[in-house]
Amino acid sequence: MDNVSTKHSDTPLTSSALLLVFLLSIACQLTDVALGPVKLWELMAISIFPLTIRKIEKRILIFFSAFLMLLILSLMKGFFADIHYQYFSALKSKYVISIVRFIELILCLIVTLTPYNIVRNNKGSVESIIKVFLTFNLYITLFIFILFVSDVLFHTGLVSYGVTHRLRGLYVEGGPYGLFISTLILLELTFFKRKLVIFVFLLALMLSQSKAGIISCFLLVTYYIFIRSPLLRTFINPKKIIRFSITMIFLAGLVLGVTYKVAYNYYDDLNNVDDVLASRINDTSFVMGRIAATHIGPNIISDNPVAGVGLGAYSLVRNNIQYRQQFPFVSGWDLTGLGGLTTLAIENGFLGLGIFLFATLLYFSFNLLGGYFILLFLFPFVLGAQLYMVYPWFYLGLYACLRKKR
């Protein structure tokens, strides 16, 4: 069936599969929580999830090959480039950081294969995986609300920050947390439509004050409206080339308009960067992160348009005076915060970005189900999630299950 179905299989999860989905839910919520140099979800992907993998989905080798090409491209660039790379530590140094990022991406593929193997090993249906995943995330969100009340009453800062108590959950910031929540809203809306669950996730999104999450929710819900209407559905069916093309152009314009409206403050700061720098020179939220990267990133791309500077190497080269220009030298580990695709363009150039997008197009089928999961998989990488954030790869695993079933 070409459409995204809301009909469910009654095959429940076995106890072992239930535990795995619980751990996957934890991994998606704790994507930024680390034990020393290793993130918690990475520890699971190294020690627990591989034990469940008996079958490798052949199409996942498309992404493995793409990541291997990105690594080779990065190592070659590091060897031949005359750029100065800073040294932070053994794991955050030239060449090594690219290998570390490659390993993280391979661990993402292990996460992708976990739900696929649950279904392949007859331990439950994909619909059961989705329902249990959403239910566990509901409970985790409710627990976060309890901690949030503590933050408001006692200023503990457990799951929020700032004078407005911006909810970040267990993420570093409210932006990426809200982006993750927006994907949960679409899944719940599509498959189960439980009003209480949707309300809790919407409340979490509002409390996160996430611009990326708001934009994502707007686009994803708009897409859901299209797939639910027999009349509108033909406009997003890739097989109807003319209607599909017109709709994508219209939606792209609509999203750009909403993005500009929501992110106007960033745009205003960048247009007046010299004046703002004078007053915020010691403000790390301005001289580091996405605002600084929006200025520094294009300079790196213009100097290295084809192959970039290497996986993970933005942090090692961003202090070069030719790239940061009027922005100050920073001693901390600075990530772009701009999303995986933009970071990929900076770190691996347009060649690296093209390799990843080509792999994505090869992996997904050109139909409504493929379009639905392309949004869930790719859109977080556009709006702020880094490629090594785990939840889009879990969604890729759900798509693999549904594609096999259909």
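Here the structure is a predicted model, which means the values were calculated and not measured.
When only modelled atom types and interatomic distance are considered, T190 and Y372 share a side-chain donor-acceptor pair under 3.5 Å. Side-chain polar atoms of N304 and K77 form a donor-acceptor pair below 3.5 angstrom.
Ionic pairing of K39 and E104 is present here: one or more N-O contacts between side-chain nitrogen and carboxylate oxygen are shorter than 4.0 angstrom. Ion pairing of E127 with K405 is present here, as a side-chain N (NZ or NE/NH1/NH2) and a carboxylate O approach within less than 4.0 Å.
Judged purely by atom type and a 3.5 angstrom limit, R233 uses its side chain to pair as donor or acceptor with the backbone of I227. A distance-only check finds no donor-acceptor pair linking the side chain of N117 to the backbone of R120 [under 3.5 Å]. Using modelled atom types, no side-chain atom of W41 and backbone atom of I26 make a donor-acceptor pair closer than 3.5 Å. Within the 3.5 Å criterion, the main-chain N or O of A27 finds no donor-acceptor partner in the side chain of T31. Under a 3.5 Å cut-off, the side chain of T52 and the backbone N or O of F49 do form a donor-acceptor pair. In this structure, the side chain of D334 engages the main chain of G289 through a donor-acceptor pair within 3.5 Å. Put simply, the side chain of Y314 never gets that close to the backbone of I346: no donor and acceptor are under 3.5 Å apart. A distance-only check finds a donor-acceptor pair linking the side chain of D32 to the backbone of V172 [under 3.5 Å]. In this structure, N299 contributes its side chain and Y323 its backbone to a donor-acceptor pair below 3.5 Å. Between the side chain of T360 and the backbone N or O of F356, at least one donor-acceptor pair lies under 3.5 Å.
Judged as a side chain to side chain contact (heavy atoms under 4.5 Å, CB included), and not counting sequence neighbours, the contacts of V200 are L138, T141, L142, F145, L196.
Every pair passing salt bridge (Lys or Arg N to Asp or Glu O under 4.0 Å) that includes a residue from residues 172-190 is listed here, sequence neighbours excluded: E173-R290, E188-R194.
F377 and Y395 have their aromatic ring centers separated by at least 6.0 angstrom. In this structure, F373 has its ring center at least 6.0 angstrom away from the ring center of F364.
Minimum heavy-atom separation, Y85 to I83: CD1-O, 3.2 Å. In this structure, V21 and I129 approach most closely via the heavy-atom pair CG1-O, 3.9 Å. The two residues L24 and P115 come nearest to each other via the heavy atoms CD1-CD, 4.4 Å. Nearest approach of R324 to I296, heavy atoms of both residues: CA-CG1, 3.8 Å. Scanning both residues, V33 and L170, for their nearest heavy atoms gives CG2-O, 3.7 Å.
Between Q86 and R318 there is no side-chain heavy-atom pair separated by less than 4.5 Å. At a threshold of 4.5 Å between non-hydrogen side-chain atoms, the residues C401 and L398 do not count as touching. Looking only at side-chain heavy atoms (C-beta outward), L383 and I215 come within less than 4.5 Å of each other. Using a 4.5 Å cut-off on side-chain heavy atoms (C-beta onward), W393 and L113 make no contact. Inter-residue side-chain proximity for D151 and H155 is flagged as unmet; no heavy-atom pair is nearer than 4.5 Å. Residues T342 and F381 have side chains not in contact (no heavy-atom distance under 4.5 Å, counting atoms from C-beta outward). Contact of the T336 side chain with the Q386 side chain is registered, since non-hydrogen atoms from C-beta on lie closer than 4.5 Å. For the pair F180 and C28, the minimum side-chain heavy-atom distance is below 4.5 Å.
A cation-pi arrangement, defined by a distance under 6.0 Å to the six-membered ring centre and an angle within 45 degrees of its axis, is absent between R168 and Y161. Cation-pi geometry between R59 and Y363 is met: the NZ or CZ atom falls under 6.0 Å from the ring centre, inside 45° of the normal.
The aromatic rings of F63 and F67 are tilted relative to each other, their planes meeting at an angle between 30° and 60°.
The side-chain contact (heavy atoms from CB on, under 4.5 Å) with V126 is formed by just one residue from the set I118, T11, V119; it is V119.
Other residues, nucleotides and ligands place no more than 12 heavy atoms under 6.0 Å from the OH atom of Y139. For K123, the NZ atom counts as densely surrounded, since its 6.0 Å shell holds more than 12 non-hydrogen atoms of other residues, nucleotides or ligands.
If you take OG on S16 and CG on N121, they are separated by 9.0 Å, rounding to the nearest 0.5 Å. Once rounded to the nearest 0.5 Å, the distance linking OG1 of T183 with CZ of F201 reads 9.0 Å. Taken from CG in L179 to CE in M389, the straight-line distance is 8.5 Å, to the nearest 0.5 Å.
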